[in-house]
Participant: 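My questions all concern the structure below.
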Amino acid sequence: MSVAQKFDGLINEVEDKLGERIVALRRDIHREPELGYDTKKTAEKVVAALDGLPLEIQTGVAENGVVATLRGGGDGPTVGLRADMDALPIHEETGLDFASETDGKMHACGHDGHTSMLVGAAHALCGMRDRLNGTVKFFFQPAEEGGGGGKVMVEEGALEGVDSIFALHLWPGLPFGVASTKGGSVMAAADAFEMEVRGTGGHGAMPHLASDAVVMSAHIVAALQTLVSREVNPVEPAVVTVGEIGAGTAFNIIPETARIGGTVRTVSDEVRNLIPYRMEELAKGVANGMRGDATLDYKFSYPVTKNDPEAASFALDVASGLFGEENAVEAKAPSMAAEDFAYMLEEVPGAYVWLGVGDVSGLHTPQFAFDEEILPRGAALLTAMAVESLS
Ligand SMILES: [Zn+2]
Ligand SMILES: [Zn+2]
């Protein structure tokens, strides 16, 4: 039987039986956003929404994460499905009835949707338990937005025994209802740097008696632009962004130090390792040439999110069967944003899949909102990927 035949009617079934529940949970989570590891109430809502299902539930994973296990009829492999639960420090401006009730916190990355879709999938999969030839593990993780909750889950051994794993992210800019992914690098590594540029302070009127950290910094920022344009193979994507620069206390003082901070995005280990090495040489070279010095503090953060090529084409096949061929599209290039699901994919082969919500305000913006019709569709996709992984 083809995937399309096997899951014929699944979307309607999920919509009819679970649609209201999924949307209600999403709105409940949306109203009360929580940041980082502090997802206690969200985790409680998840546990309450799974109540009565034949699941083994483990709470307190990576502080406030939840892992639920469904043992099917057969003793086949174990497939993992993951959602993130945390919100962002953004003040919501959507005007929705169920907008955030906490000033300065908002679900602006769709994680409320991811969590409710995964709860929906848990309900759907529990309903077909006897047909499942293996185990499904549902991972609800905190702290995706910078805290590395996925990494902590891996370190705590939550993924032990999992044979493959999948996750969805709602994706503005991709047509509504289209699933897209690719084998290999799908999201970038996100690293951070801070640089201290040191000269000699002095009077603004007597620059020859000082070495000016402001002028050095200006030249360093310009020189950093050559890292991507002159050092990295032009067919390889890479980003170096200076997001912070600061120096000085008064208009007539040449400051002794200046500070430069930024982010670097890369999609291969080779380029990821090249940039800090060349960044330091370049900054020191420029500063030394101007009678100063620069020191670099470089922090490696989320690694490249690498899909297993087979798992990625499997996910597209399932999406094609479920949504129609035209709604399952192989992505041409990775996104330069990052994702801590990367740590889970380092541990277990799997795929990270974007689910289009059309032309809405971007992720991490105060206006981000999406059509909730996508939620049962996403829940159906997670369900179908789990069933197929076990068959
Ligand atoms: Zn985000
Ligand atoms: Zn996100």
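When a ligand or atom number is given, it counts from 1 through the structure's own listing order. Counting from 1, the numbers follow the sequence of the chain as shown.
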Participant: Tell me whether Glu270 at atom CD has more than 12 heavy atoms from other residues, nucleotides or ligands lying less than 6.0 Å away.
Facilitator: no

Participant: For the ring pair Phe300 and Tyr298, is the centre-to-centre distance below 6.0 Å?
Facilitator: yes

Participant: Is the charged tip of Arg82 near the ring of Tyr352: under 6.0 Å from the six-membered ring centre and within 45° of its axis?
Facilitator: no

Participant: Check the angle between the aromatic planes of His107 and His30 and answer parallel, tilted or perpendicular using the 30° and 60° thresholds.
Facilitator: tilted

Participant: Return yes if a side-chain donor-acceptor contact under 3.5 Å exists between Thr263 and Arg265, otherwise no.
Facilitator: yes

Participant: For His364, what is the atom name of its N, O or S atom nearest to the Zn ion (ligand 1)?
Facilitator: NE2

Participant: Closer than 2.8 Å to the Zn ion (ligand 2), which protein N, O or S atoms?
Facilitator: Cys109 SG, His111 NE2, His169 NE2

Participant: So that I can tick it off, tell me whether Asp340 and Lys151 are bridged by a salt bridge, with the cut-off set at under 4.0 angstrom between side-chain N and carboxylate O.
Facilitator: no

